[in-house]
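Below is one structure, written out as structure tokens, with a few remarks after it.
Sequential numbering from 1 along the given sequence is applied to the chain's residues.
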Amino acid sequence: MKKFVLQREIKSRDPSTYRIPYQDLLNVQQYEAVMHDSGPALVIAGAGTGKTRTLIYRLARLVEDGAAPSSILLLTFTRRAARVMLDRAAGVLDDRCTKVRGGTFHHYCNQILHQYADRLGYSSNFTLLDQADTQDTVHHIRSSFAQNLRGQRFPQKQTLAAIFSASVNKQISLYEVIATDYPQFLQHHEAIEELQKRYSDYKSMNDVMDFDDLLVYTHRLLTKEKDVREIVASKNRFVMVDEYQDTNNLQAELASLFSSVHHNLMVVGDDAQSIYAFRGANFRNILAFPEQNTNCNIIKLEENYRSTQPILDLSNTLISKAKEKFEKKLYTRKNQGDLPGLIRASCERDQSRFIVQLLLQLREQGTPLKEIAVLFRNGRDSYDLEWQLNKKNIPFQKFGGQKFAEAAHIRDILSHIRVIVNPDDSIAWNRVLLLLEGIGPKSASELILWLKLNKSRDLSSSEIVSASYKKQLDSLSQVLAGLTGLKNQPGKAVELLVQYYKPLCEKRFDDHPKRLKDLDAFTGLSNGYSSLDQLLQELTLDPLDATALETEATSKDEYPLILSTIHSAKGLEWDTVFIIQCLDGIIPSGYSIDNPTALDEELRLLYVACSRAREKLFITYPVTKESSFGEYFSNPSRFLDNMPEDMLEPWMLEEEESDRKQLKE
């Protein structure tokens, strides 16, 4: 006997009959979104406008109106976000809200595929490869290619996995991914394509899927199998998608497929906060949503509950420069507040000194360190500031970006410096020697023993040197000899070392362009020290990545200052925000200058950074920068051009009189 379940109808009610006084708890736009019943809806939720609160109350309202919790699907970008929303909705209404189906796209797709895997040639108990499993599998298949390409540089397993994933999430060819992000491997694109095919075959034969397959196969299943699509979509009476601006094309299409029976799809997000194109996110998904969904109800949340009006005025003006966007203007009832400041520093060291001194003042005035954040485009942008914070014993915690002292390329450079400062440092010698092609652990040990016996740094004179690596040792010995004469000129010493190390870095790391930028930053920072010995001691005694954690663990009475990349700061807020290194070439990135779409994303990145601040906002930039090529003049971000002073107030940094005299002396 067949069974058909009749769902209860949801009828509009008199607001006074609800247990929850929605009208009293929400503003007009939030209330409209919460009370939206049927059909597609797009909620444009500006920064700080109560997006999560709106989603929570809509969940509660649907359940209170009689919708079965299991008929509501909430899709978020982390499982934690879904759990928090459902728990808060239960707190607003009751435990029925915890029975709403919530989770990530990958989590929901995994459930569907385990039900219908046989339609795709998989068994119902297929297993998932996590990131480490994926890389190990790729490495296993890669070994046969590496043997055929001896003497040539072929991508490592992490790079290959990243290339495959980018192709899926951005829905572009492998060739496009390689040409754009890994041009050094373009000559191997045919081999990489063949490797991807073998990787796909391996997964099928071994009944496994990776995370990207969950999206690809669910899309294929629901597109080709009409009966499955109708079964799945009929269960989803209401579908809600959070952070829709961060969806890739596959996820946007899946959201439409999940809601293809009842067509009650509400997506929530902010086009102005779409900053993850590098992960495959397509901000045009949110722009195109009204066109793709007939009779779409567009609701804009514009009342901001986070920032003061001066901060919002700057944020609104910035985002108004975007070429593609929804028109909106954030406002607040917090009309009073300090103007955001634009601070021009003569160099990175003065930029760091300003931040350290001002944040200590703010702390004395009652703003705890945990309510202050320093934001930046790249992890390397905070290196100088980290040194200054360590010197002043200010605890900090860093999010995003590679930790400086743990980075392999930085450790390589420091090892060369260590053998100059201490020729008996066997560990440093071992690292230096193993960088050279043809030298393995056995040869390195023999060379280190010879060095100790002969008290020399001139490896090329050793009688045990093999002809296969004599030329490399000659080059190393020349560099070390040059460094010895530059012990008291660390800037020039590091510059010479970076030039020597550059080809080694290019051979060793697939992502060497990023690492070489780190080395440029390190070159500039080293100029602030009087000797290689001092530079090494300060980094050893106060490692940039360890001090923050140690201080946090021991200083129970004070939480640390936050240092974060802008990407890692999205969704967070602080009382005071510093945005550092706001320079052309950094924000916006030099890679985006000639690409209008990429330039818009860089503008959105600065908008996200500004909109993290509640009370105070400071944007800083140094007039001069240093790199391995020497000192050069920089320009403030083009996004700040023509900003009126009554919106972005210029600050001037001056040395105290006593400091001026010391500088002259």
Side-chain angles (χ1 to χ4, degrees), residues 20 30 33-34 36 40-45 47-65 67-115 128 130-131 169 211-212 214-215 218-219 222 232-233 235-248 250-259 262 264-270 273-274 276 279-281 285-286 289 301 567-568 570-573:
I20 301 170
Q30 290 172 337
V34 166
H36 175 81
L42 168 62
V43 180
I44 302 296
T49 57
K51 175 202 68 167
T52 302
R53 180 182 180 83
T54 302
L55 281 168
I56 289 166
Y57 276 88
R58 184 166 192 259
L59 283 172
R61 199 276 302 172
L62 288 172
V63 173
E64 188 172 2
D65 259 337
S70 60
S71 72
I72 304 171
L73 175 64
L74 171 66
L75 294 172
T76 60
F77 274 80
T78 66
R79 294 185 69 178
R80 180 181 178 278
R83 285 196 300 271
V84 168
M85 285 191 206
L86 298 184
D87 288 344
R88 286 178 60 184
V92 167
L93 185 63
D94 54 46
D95 285 345
R96 285 178 293 170
C97 295
T98 61
K99 296 181 175 62
V100 168
R101 289 175 298 132
T104 64
F105 277 92
H106 293 87
H107 174 70
Y108 185 52
C109 288
N110 184 49
Q111 291 180 335
I112 293 171
L113 289 175
H114 271 92
Q115 237 181 321
L128 276 177
D130 62 18
Q131 187 176 26
N169 286 297
F211 273 47
D212 294 329
L214 295 177
L215 303 182
T218 303
H219 184 271
L222 299 185
V232 170
K235 295 177 181 177
N236 301 324
R237 194 172 184 189
F238 297 96
V239 178
M240 299 165 68
V241 183
D242 188 21
E243 303 287 9
Y244 192 71
Q245 79 280 350
D246 293 334
T247 55
N248 60 33
L250 269 175
Q251 289 166 327
E253 290 172 16
L254 283 168
S256 181
L257 290 167
F258 295 156
S259 58
H262 299 288
N264 295 326
L265 173 62
M266 173 181 280
V267 301
V268 183
D270 183 7
Q273 297 186 72
S274 180
Y276 295 113
R279 294 181 187 166
N285 287 340
I286 195 167
F289 188 83
L301 306 185
H567 285 98
S568 297
K570 184 174 174 289
L572 304 175
E573 60 183 75

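- The shortest non-hydrogen separation linking F258 to V239 is O-CG2, 4.1 Å.
- Side-chain atoms of H114 come within 3.5 Å of backbone N or O of N110 as a donor-acceptor pair.
- In this structure a side-chain-to-backbone donor-acceptor pair under 3.5 Å is missing from S256 to E253.
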### Task
Using the salt bridge (Lys or Arg N to Asp or Glu O under 4.0 Å) rule, take E243 and K51 through it: C-alpha gap first, then chi angles, then the decisive distance, then the call.
CA-CA 10 Å; E243 303 287 9; K51 175 202 68 167; 2.8 Å; yes

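- A pairwise comparison of heavy atoms in H106 and Q251 identifies CE1-NE2, 4.2 Å as the closest pair.
- Side-chain N or O atoms of Y276 include one that pairs as donor or acceptor with a backbone N or O of H567 at under 3.5 Å.
- Counting heavy atoms from C-beta outward, T247 and F105 have side chains that approach closer than 4.5 Å.
- At least one side-chain heavy atom of V267 sits less than 4.5 Å from a side-chain heavy atom of L265.
- The main-chain N or O of D246 is never found under 3.5 Å from a side-chain atom of R279 such that the two would form a donor-acceptor pair.
- The backbone N or O of L73 lies less than 3.5 Å from no partner atom in the side chain of R101, so there is not a single donor-acceptor pair.
- Residues passing the side chain to side chain contact (heavy atoms under 4.5 Å, CB included) test with A233, sequence neighbours excluded: S260, V261.
- Inter-residue side-chain proximity for L215 and N169 is flagged as met; some heavy-atom pair is nearer than 4.5 Å.
- When every heavy atom of C97 is checked against every heavy atom of A60, the shortest pair comes out as SG-CA, 4.1 Å.
- Looking at residues two or more places apart in sequence or on another chain, you find no side-chain hydrogen bond (donor to acceptor under 3.5 Å, both in side chains) involving N264.
- When all heavy atoms of R79 and T104 are compared, the pair lying nearest together is N-CG2, 3.6 Å.
- The backbone N or O of Q245 sits less than 3.5 Å from a side-chain atom of S274, completing a donor-acceptor pair.
- For the pair V241 and F289, the minimum side-chain heavy-atom distance is 4.5 Å or more.
- Each of D242, V268, L55 was scored for a side-chain contact (heavy atoms from CB on, under 4.5 Å) with V43, with one residue passing: V268.
- Judged purely by atom type and a 3.5 angstrom limit, Q30 has no side-chain atom pairing as donor or acceptor with the backbone of T54.
- At distances below 3.5 Å, not a single donor-acceptor pair connects side-chain atoms of N248 with backbone N or O atoms of G280.
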